[in-house]
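Notes to accompany the following structure.
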Amino acid sequence: MRVCDLPLSADFVSHYESNGIEELYPPQEAAVEAGVANGGRVVAAIPTASGKTFIAELAMLTADGPGLYIVPLRALAREKYETFDQLPGVNVGISTGDFDSAEEDLGEYDIVVATSEKVDSAIRNGASWVESLACVVVDEVHLLGAPGRGPTLEMTLATLQRRVPDLQLVALSATVDNPETIASWLDAELVESTWRPVSLRTGVYSDESVAFDDGTSLAVDVPPLGPKDDADTEATVSLVADAVTSGGQCLAFVRSRREAESLAERLAEEDLSPATDLGDELRELGGTATGAHLADCASTGVGFHHAGLRSSHRAAVETAFRERRLAVICATPTLAAGVNVPARRVVIRDQKRYTGDAMEWIPVLDVHQMCGRAGRPHLDPYGEAVLVGDEATHDELVERYVEADAEAVDSQFDDRESLRTHVLSVVASGFADSVAGVVDVFAATYYAHQQADVDLTALVSDVVSELERMEMLTVDGSTLSATTLGSQTSRQYVSPTTGARIVSGIRTIQTMADENVTPRTALEVVCDTPDMLDTYLGNRERALMYQYARTHAAEFTTAMGEAESFEDWLTAVKTARILHEWSQGETIEDLVERYRIGPGDLESRVERAEWLLGAADALCGALDSDVPEFREVRALLSP
DNA sequence: CTAGGGATACTTTAGACAGCATGTC
DNA sequence: CTAAAGTATCCCTAG
């Protein structure tokens with residue numbers, strides 16, 4: 001099937017042809033046969049780089065009205081925005097938490113790219129543009145199975161289906177075990193394929209050789225180990241060096257940030273590629289120790305990538321790699337599911353990760369996503385993914401990751417926090433005013449589809465009484481309504497637990513002496529909330545932090561003897577302290593050094609604090625109260 | 001007396017979405 | 001069922 005045979009206008013056909021797209025890939029053809037270009041609902045479970053974007057564009061361009069493209073990450077939203085913006089005569093908008101298209105109403109765009117939470121929020125707040133959509137494409141739908149965020153995506157899709165008649169839904173998924181369940185939930189045709197434009201072989205390394213799944217093998221020359229050498233690391237170094245010397249780029253995945261950096265340092269010693277001026281460019285982006293370390297490695301063609309990096313550094317590493325100015329990136333799983341960063345070879349040194357109580361195998365889906373980054377269409381003759389193991393683990397790795405299918409996608413809606421959030425949002429936004437009404441909405445979720453025998457009425461009633469106790473909902477006979485507090489909580493997009501914590505903070509503040517209410521007070525409230533990221537509190541720091549908490553005890557809304565979990569509270573105090581010092585003009589360099597956090601960690605906490613302080617200010621309004629400190633600190637956080 | 005080796009105890013550990021409304025220039 | 005690498009500390013010994 002050819003592009004010119006599709007129901008596309010001449011402009012689009014020539015756009016694609018001038019980009020070298022004339023013949024459809026098999027999965028794309030299958031999607032067309034399933035009806036994507038004729039308003040049909042389709043779930044496509046196909047590998048990355050097998051032409052998902054084209055399927056999405058086809059659906060949105062042939063739909064009779066505006067399209068919405070839902071992504072899980074802000075960086076992905078920007079990437080897709082730029083891609084769609086290339087389409088001739090198509091007006092593209094973007095809407096994410098940190099960036100919104102101009103003043104224009106989103107309804108005026110042909111295509112809007114947005115994160116799933118942003119769409120959920122728009123629906124909750126009654127944005128009218130949503131109703132006029134003709135086509136919605138969901139990228140990475142398998143995230144339905146992600147705790148916390150999956151339920152939001154379920155609700156968004158359930159609500160969109162109910163509110164927009166004849167909506168065309170297209171969902172793009174990684175290869176998972178039960179795509180048919182997702183397809184039947186969405187009442188869509190399933191297109192499944194493992195076809196890739198660049199062939200991929202996956203293998204396991206042990207004893208100086210890689211055994212690939214296609215039966216081939218690769219001898220790897222690993223120099224004799226010194227006493228301090230780690231076998232897995234040296235094997236990884238050899239595998240990376242081999243890929244780079246033969247003209248390819250390589251991604252190496254490891255367990256932790258620290259190890260990503262130390263592997264990068266180790267590879268930098270190898271002098272794999274000629275020195276460039278990339279290091280100097282990175283140095284201009286800012287002067288933390290992490291940034292300097294990155295710049296040093298980058299001048300030898302090796303980068304590292306993890307969430308401790310500031311987002312500008314991360315973006316710079318991604319771009320430099322795409323432009324082939326970096327030969328290698330050593331990364332934590334950040335890079336597995338983010339923006340498009342394909343390489344000739346992918347080496348996965350660590351397959352286990354610490355999860356809080358034990359070392360656990362990384363999910364098969366995640367490993368497959370990492371492997372899927374191997375092979376650049378049009379640039380590499382093939383892609384290779386190598387799992388580093390040894391004689392003892394070889395067979396288990398083959399069985400677990402090379403031969404196994406990815407896990408099934410299971411609903412995570414059955415979680416109190418998620419249930420509270422969505423029961424409240426359904427009532428607050430006026431989509432239901434009774435338990436039966438909420439159940440009716442929930443009946444359209446993936447959860448209800450998967451768990452047909454669950455007693456939704458009992459579950460919802462239970463959650464309703466919880467929300468009633470939290471003063472978020474009132475019950476009058478069988479009529480539910482949101483309190484001012486409940487509707488503000490929902491609109492501000494904070495979880496009910498966060499809303500309740502802020503409310504109790506405000507009430508305590510009303511009882512405090514004026515001189516004790518300070519910026520620290522405002523930050524403590526907001527940082528003691530589940531919507532704030534917690535900050536690791538080291539053993540050595542604990543005593544100092546305790547001291548700090550005692551010194552400022554009068555300014556806090558939590559009495560030290562009464563904290564539900566003292567450890568958690570002390571962690572919140574640490575976050576509040578960092579943010580307070582930041583608001584007082586401390587530099588990133590100092591804070592990163594003093595509290596042993598990454599520059600990116602500070603960045604993300606500042607971002608959240610801005611959001612939560614704004615929410616706290618709005619909740620004050622719902623309580624007929626005013627705590628100017630919420631606004632005052634907030635103003636000091638952003639430069 | 002001290003530098004340094006080595007055993008041992010202790011510390012640390014991936015990622016990242018989200019708001020708003022009223023008056024004013 | 002299930003951790004492992006990195007770092008600080010301390011003690012001992014060789015010079």
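Order of the sequence lines sets the chain letters (A, B, ...), proteins ahead of strands, with each chain counted from 1. Since the model is a prediction, treat every value here as computed from it, not as a measurement. Below, all heavy atoms of this structure are taken into account, side chains as well, without hydrogens, waters or symmetry copies.
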Listed nucleotide nearest any side-chain atom of [X], set [options]:
| X | options | value |
| --- | --- | --- |
| A/W611 | B/dA16, C/dG6, B/dA18 | B/dA18 |
| A/D230 | B/dG15, C/dG6, C/dA5 | C/dA5 |
| A/M359 | B/dC20, C/dA5, C/dA3 | C/dA3 |
| A/E117 | B/dA18, C/dA4, C/dA8 | B/dA18 |

For [X] and [N], what is the distance between atoms [atom1] and [atom2] respectively, to the nearest whole Å?
| X | N | atom1 | atom2 | value |
| --- | --- | --- | --- | --- |
| A/L263 | C/dG6 | CG | C1' | 15 Å |
| A/Y354 | B/dA14 | OH | C1' | 13 Å |
| A/M155 | B/dA18 | CE | C1' | 16 Å |
| A/R257 | C/dA5 | CZ | C1' | 17 Å |
| A/R608 | B/dA18 | CZ | C1' | 8 Å |
| A/N539 | C/dT7 | CG | C1' | 14 Å |
| A/L612 | B/dA16 | CG | C1' | 13 Å |
| A/L365 | B/dG15 | CG | P | 17 Å |

Under 4.0 Å, counting only non-hydrogen atoms across every strand here, what does [X] touch: a base, just sugar-phosphate, or nothing?
| X | result |
| --- | --- |
| A/R596 | sugar-phosphate |
| A/T96 | sugar-phosphate |
| A/S121 | sugar-phosphate |
| A/L533 | base |
| A/E360 | nothing |
| A/R124 | nothing |
| A/A307 | sugar-phosphate |

Most 5' of A/R255 and A/W361 on DNA chain C, judged by nearest nucleotide: A/W361
Assigned partner base of B/dA18, Watson-Crick or wobble definition, under 3.5 Å: none
Nucleotide opposite B/dC25 in a Watson-Crick or G-U pair, distances under 3.5 Å: none
Residues A/D350, A/I348; criterion side chain to side chain contact (heavy atoms under 4.5 Å, CB included); working and verdict: CA-CA 6 Å; A/D350 304 328; A/I348 304 173; 6.0 Å; no
May I ask you to verify if any side-chain N or O of [X] is less than 4.0 angstrom from the OP1 or OP2 atom of [N]?
| X | N | value |
| --- | --- | --- |
| A/N125 | B/dC20 | yes |
| A/T332 | B/dG15 | yes |
| A/R491 | B/dA18 | no |
| A/R540 | C/dA8 | no |
| A/R353 | C/dA4 | no |
| A/T115 | B/dA18 | yes |
| A/T334 | B/dG15 | yes |
| A/Y536 | B/dT12 | yes |
| A/R258 | C/dT7 | no |
| A/R314 | B/dA16 | yes |

Ring centres under 6.0 angstrom apart (A/F413, A/F442): yes
Derivation and outcome, side chain to side chain contact (heavy atoms under 4.5 Å, CB included), residues A/L157 and A/Y446: CA-CA 9 Å; A/L157 296 182; A/Y446 186 58; over 6 Å; no
Inter-end axis angle, the helix from B/dC1-C/dG15 to B/dT13-C/dA3, with every axis fitted to five base pairs (rounded, 10 degrees): 10°
Criterion side chain to side chain contact (heavy atoms under 4.5 Å, CB included) on A/V525 and A/E629, from CA distance to verdict: CA-CA 11 Å; A/V525 170; A/E629 282 75 12; over 6 Å; no
Earlier contact from the 5' end, DNA chain B, for A/H305 and A/G97: A/H305
Electrostatic pair A/D617-A/R631, nearest N-O below 4.0 angstrom: yes
A/R258/A/E261 salt bridge by N-O under 4.0 Å criterion: no
Please report the distance separating the [atom1] of [N] from the corresponding atom of [M], rounded so that it comes out in whole Å.
| N | M | atom1 | result |
| --- | --- | --- | --- |
| B/dG15 | C/dT2 | P | 27 Å |
| C/dC1 | B/dA18 | C1' | 39 Å |
| B/dA16 | C/dA4 | P | 26 Å |

Side chains of A/S206 and A/D390, donor plus acceptor under 3.5 Å: no
Within 45° cone and under 6.0 Å: A/R577 NZ/CZ vs A/Y548 ring: yes
Salt bridge (charged side-chain N to carboxylate O under 4.0 Å, His left out) partner of A/D601, the single match among A/R257, A/K574, A/R310: A/R257
Residue pair A/H293, A/F304: steps toward the ring-ring contact (aromatic ring centres under 6.0 Å, His included) verdict: CA-CA 10 Å; A/H293 188 196; A/F304 56 84; 5.3 Å; yes
